[in-house]
Amino acid sequence: MNYQFDWDLVLHGEYAEWIVDGLIVTLKISAISIVLSMLLGTIIAVFRMTKVKPLVWFSAAFTEFFRNTPLLVQIFFWYFGSSTILPKFVNQWLAHHDFEFAAGTIALTVYTAAFIAEEIRSGIFSIPKTQLEASRAVGLSFTQAYVYVILPQAFRIIIPPLISQSLNLIKNSSLVMTIGVADLTYMARQIESYTFHGFEAFTVATVIYLCISLLVSLIITQYNKHFLRKIVY
Amino acid sequence: MAVIEVRNLNKWYGDFHVLQNIDETVEKGEVLVICGPSGSGKSTFIRCINRLEEFQKGSVHFCGKDIHARDVDVNSLRAEIGIVFQQFNLYPHLTVLKNVILAPTKVRKTPKGEAEDLALMLLERVGIQNQAHKYPAELSGGQQQRVAIARALAMRPQVMLFDEPTSALDPEMINEVLNVMKDLAREGMTMLCVTHEMGFAREVADRVIFMDGGQKIEEAPPHEFFSNPKSERTQLFLKEIL
């Protein structure tokens, strides 16, 4: 084997800038998708708790469908398939904007939201039913009871699974390179194509993914430990 | 006009006829004590009044309005009817003060400062103003139940329902809750209390109702109820608990 390791190649200069650019895209698409999937997941979970049949069915179908189909297929669907059903002016608008990024974000958001909805639902189930009753009894609406009483308690309980869902999303975001989003993985692949130094490029990418995951996990755990009160019933 | 008027109330859980032909009229300022063995339907009865339980037959009028009328919003109805539960059911993630101001600020849209002033006044009235910034879990059962009473009062309800408010308390804490309830009764609050505290009934009730098997068996002013119960089942019940 006469492969010459050249770490400088990816740690300095133009290729290092590519890595940084890719990292920024990864962070951006992950952050946006995490926030959106939490929101969407919460809505889907609460739909399931209502007594309105269509909402319950929609929520159940949503989680089953998106949890049980491959993420890569979903990404391709949003990227290649959505233009067929979207109105022309939307397509035109998207063509002038970052369509790859949008399709990637939607795919990651919807996919992760299905998992998050199930976590939130289990969180809601672990709260005594009497909490909802006590909230409704003073005149709070269903939505108010969830926003001010039920969800704040549920979220405290499900922080650990939510961390793992967020970390999954960050790792899953590497798949959006397949539709041309220039994220960290995409850039590592580019460097490999240009330089044939795939080992260095993907090692750096791997270490960066690892660092992001560990950092996110650490921050949330510390927040949970120091700033969030444990609930005692 | 009666505050609460219940007519021919019937409720079934499947085949089980839990409430049978209940009629009751509660005037403003009246204090009713409802007692009876467990499973007699007394809790279910008072929970029908604020629609925490739905019923199949009969009607309940609150201040002259059918609580099931199309134009009655269930949330505004409940805002007018306070309820205190056996298990307190405080919101564990909020401080005592926030427990009390949540409904006034969200349902009544009372400004926060105003709601806090009222809350502190109410907490003083139930004797725990210096615990306002603690969390429910840091309080004793009796203190938690007094917070629950303050929380219900913060909506300035027309009626207060009490669903066995002292049954979950250690004996030494029962009186602190009963005293708050007695004060309320003396101040003219309309109250329906499901309780086994017969001392409380004797002291402040206008009428005592005995329920068994989903039926109202007997109803009388306390002195008559305790000294001269008419029905055999009431006599038996009183003998067992007194």
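Residue numbers start from 1 in every chain, and the chains themselves are labelled A, B, ... in the order their sequence lines are given, proteins ahead of strands.
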Practice task
Evaluate the side-chain proximity of B:Tyr91 to A:Pro152: yes if any heavy-atom separation is below 4.5 Å, no if none is.
Solution key: no
Handout entry: Exceeds 12 heavy-atom contacts within 6.0 angstrom, atom CG of B:Asp71
Key = yes
Completion exercise
Within residues 99-131 of chain A, the residues sitting under 4.5 Å from chain B by heavy atom, in sequence order, are A:Thr130, A:Gln131
Fill in the blank from the handout: Expected contact set for residues 74-90 of chain B against chain A at heavy-atom separation under 4.5 Å reads B:Val74, B:Asn75, B:Arg78, B:Ala79, B:Ile81, B:Ile83, B:Phe85, B:Asn89, B:Leu90
Problem - A:Gln144 vs B:Leu102 side-chain heavy atoms within contact, under 4.5 Å - result: no
Problem - Whether over 12 other heavy atoms sit under 6.0 Å from A:Arg67 CZ - result: yes
Practice task
Give, for atom NE2 of B:His93 and atom CD1 of A:Ile150, the distance between the pair rounded to the nearest 0.5 Å.
Solution key: 8.5 Å
Practice task
Tell me, yes or no, whether the heavy-atom count around B:Lys182 atom NZ, taken from other residues, nucleotides or ligands under 6.0 Å, exceeds 12.
Solution key: yes
Problem - Heavy-atom side-chain proximity of A:Val138 to B:Val107 below 4.5 angstrom - result: no
Exercise for the section: Compare every heavy atom of B:Asn50 with every heavy atom of A:Ala137, then report the nearest pair and how far apart it is. Expected result: CB-ND2, 4.4 Å
Exercise for the section: Could you tell me which portion of B:Arg47 (side chain, backbone, both or neither) has an atom closer than 4.5 angstrom to a non-hydrogen atom of chain A? Expected result: side chain
